Amino acid sequence: MTDTTKSATLTIGDKTYELPIYSPTAGPDVVDIRKLYGTAGVFTYDPGFTSTASCDSTITFIDGDKGILLHRGYPIDQLAEKSHYLEVCYLLMNGELPDAAALEDFETRITRHTMVHEQMHNFFRGFRRDAHPMATMVGVVGAMSAFYHDSTDINDEWQREVAAMRLIAKVPTIAAMAYKYSIGQPFVYPRNDLDYASNFLHMCFSVPAEEYHVDPILSRAMDRIFTLHADHEQNASTSTVRLASSSGANPFACIAAGIACLWGPAHGGANQACLEMLKEIGTPDRIPEFIGRAKDKNDPFRLMGFGHRVYKNFDPRATVMKQSADEVLDLLGIEDNPILQVAKELERQALEDPYFADKKLFPNVDFYSGIILEAMGFPTSMFTPIFAVSRTVGWVSQWKEMIADPQNKIGRPRQLYLGETQRDYVDIEKR
Ligand code: CMC
């Protein structure tokens, strides 16, 4: 944060207040209102935090108007093309790209942490078979704090590091186990000779009865999905992780809170909701009906996979994801897939419609990721768990940054109270 000589003047009645303004390295200036309540006795009002910077951070930068997403300064399209997920994890966590030795060490440490405590298998069996894998993940990731006591002390830097590694390494195993459990197949142990993405596909799709070969194009597409979802600044689930952690809660409980928040259809649940919507549309001739519903003020229906709180011209992740979708569908030879045809035609018609253009609603990353995951053979219920696997590194990096920040305070927003003022209790017989 750079201190500048700039300040804002706020006038309330006949009093004026000078509020400092700070300039970031990129993005809009921020007005520091921290002392406002103490001096002027007012709160600011910003439901949904549309104009509020909740923290300072050096991890990820987004310019929503220009469609820019940078991790530690590196553009997402360069990372998606030239890097790979575990290198991006190192970058997010440590601030710089690793040299070859540091990367090898990091990959080895992540790989060596991929197995979960054997007793966790019993824990899974307590869930109903038909439980949504996200429900299972919220429970099992939260339960990690009951298994890994030696990495729950947030004041110990080494324990924080171990917890971070454990989460990045074990959340894919837990997601794959949730999937296997839901389809009644045996859990598949991780394999240390496979890269992160291939290992995840192996844990999801292999069965003990036969050998499973991971196709390198599918593994690359999986790695890209992980990379493109790795972090996204102070989004709803990341802010949830930060808020949960601000009370001093342990990292496993905080990441479980992030997973719970991610589940919602306006956030990570959009990829599942998007594919279900495409299936419901069914055939291209029904698209105008659904576009009409999305535009109707009296209908709560929205086109899932369209729009973003921050990106108002295009989602840079969607551009890369679209290329990946083409590659995967080409590889699998499923050009004639009806869902894909609906998706392509819906994208075309929505982009030509003035409603979507005027409101700056474009396909987001989840519009295309669902198409790839469906083509790979994942059921829709696994789409959001895969998002959770990818985003774990973002949550963990933001959590580590926050704990190390000496300014870290418990998060405690205030409110605009519109309820009853004080009144006396009325005995039940008099109500
Ligand atoms: N379909 C139809 N209309 C929409 C849509 C949509 N998908 N998204 C926004 N609008 C309209 C909305 O009705 C509103 O219209 P009006 O100004 O007339 O009231 C206007 O656009 C602005 O919408 P908003 O809800 O105020 O915008 P927001 O920034 O609060 O919401 C959003 C962003 C992502 C929640 C929203 O666009 C949405 O619900 N999209 C569908 C769900 C989705 O795809 N989510 C995934 C986001 S990307 C993955 C992630 O990062 O989590």
Side-chain angles (χ1 to χ4, degrees), residues 46-52 59-65 67-69 71 76 134 224-241 258-278 280-281 287-322 343 346-347 349-373 380 383-395 398:
D46 185 18
F49 310 122
T50 51
S51 298
T52 296
I59 301 174
T60 291
F61 172 74
I62 300 175
D63 183 327
D65 291 325
I68 292 173
L69 167 60
H71 291 321
I76 189 64
M134 281 298 274
R224 271 202 175 165
I225 288 179
F226 289 154
T227 301
L228 292 175
H229 288 89
D231 189 47
H232 215 225
E233 203 224 62
Q234 306 311 320
N235 58 84
S237 57
T238 302
S239 297
T240 300
V241 170
I259 295 174
C261 176
L262 185 78
W263 195 358
H267 190 9
N271 50 16
Q272 171 170 354
C274 176
L275 210 90
E276 282 165 359
M277 174 192 77
L278 295 174
E280 193 190 342
I281 297 175
I287 291 172
E289 177 199 330
F290 282 79
I291 288 189
R293 283 185 60 197
K295 288 159 53 174
D296 181 355
K297 278 258 154 270
N298 301 316
D299 189 331
F301 174 78
R302 285 184 167 199
L303 277 192
M304 300 314 286
F306 277 77
H308 199 274
R309 166 59 66 78
V310 183
Y311 296 122
K312 296 301 176 197
N313 277 318
F314 67 96
D315 178 341
R317 303 167 300 172
T319 316
V320 185
M321 198 64 92
K322 192 173 182 205
L346 176 64
E347 181 190 10
Q349 290 190 25
L351 289 177
E352 281 177 4
D353 192 306
Y355 172 93
F356 293 91
D358 293 350
K359 293 190 188 301
K360 301 193 168 192
L361 300 169
F362 296 86
N364 58 48
V365 67
D366 288 329
F367 187 73
Y368 303 105
S369 64
I371 296 171
I372 302 179
L373 293 171
T380 51
F383 293 5
T384 317
I386 288 169
F387 193 158
V389 170
S390 328
R391 185 55 57 82
T392 296
V393 69
W395 294 327
Q398 303 265 353

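Every heavy atom of this structure was used, including side-chain atoms; hydrogens, water molecules and symmetry mates were not. Here the structure is a predicted model, which means the values were calculated and not measured. Ligands are counted one by one from 1 in listed order, and the atoms in each one are counted from 1 as well.
Residue Lys295 places no heavy atom under 4.0 Å from ligand 1. At least one heavy atom of Tyr355 lies less than 4.0 angstrom from ligand 1.
The main-chain N or O of Asp65 is found under 3.5 Å from a side-chain atom of Asn313 such that the two form a donor-acceptor pair. Under the 3.5 Å distance criterion, the side-chain polar atoms of Asn235 are matched with a main-chain donor or acceptor of Glu233. A donor-acceptor pair is defined here as one N or O able to donate and one able to accept, closer than 3.5 Å; no such pair exists between the side chain of Asn364 and the backbone of His308. Under a 3.5 Å cut-off, the side chain of Asp63 and the backbone N or O of Ile68 do not form any donor-acceptor pair.
Contacts between Arg309 and ligand 1 below 4.0 angstrom, taking non-hydrogen atoms only, involve backbone and side chain alike. Contacts between Leu361 and ligand 1, counted as non-hydrogen atom pairs separated by less than 4.0 Å, involve the side chain only.
Scanning the protein for heavy atoms near atom 24 (P) of ligand 1, the closest one is Arg302 NH2, 4.0 Å. For atom 41 (C) of ligand 1, the closest non-hydrogen atom on the protein side is Phe306 O, 3.4 Å. The protein heavy atom nearest to atom 45 (N) of ligand 1 is Ala266 O, 3.2 Å. Ranking protein heavy atoms by distance to atom 51 (O) of ligand 1, first place goes to His308 NE2, 3.5 Å.
When ring centroids are compared, His232 and Phe387 stay outside the 6.0 Å threshold. Checked against the 6.0 Å centroid criterion, the rings of Phe301 and Phe290 qualify as a close aromatic pair.
Backbone and side-chain nitrogen or oxygen atoms of Val365 are examined, and none is located within less than 3.5 angstrom of a nitrogen or oxygen of ligand 1. Remark: ligand 1 and His267 share an N or O pair separated by less than 3.5 Å (distance only, no angle test). Inclusion of Asp366 in the set of residues having an N or O under 3.5 Å from an N or O of ligand 1 is not warranted. Any N or O atom pair closer than 3.5 Å counts here, and Gly305 shares at least one such pair with ligand 1.
Those atoms of ligand 1 that come under 4.0 Å of a heavy atom in Lys297, given as number and element, are 15 (O), 16 (P), 18 (O), 19 (O). Short contacts between ligand 1 and Ala270, defined as distances under 4.0 Å to a heavy atom of the residue, involve ligand atoms 43 (C), 44 (O), 45 (N), 46 (C).
Within 6.0 Å of NZ in Lys312 there are more than 12 heavy atoms belonging to other residues, nucleotides or ligands. Counting heavy atoms of neighbouring residues, nucleotides and ligands inside a 6.0 Å radius, atom CZ of Phe49 does not exceed 12 of them.
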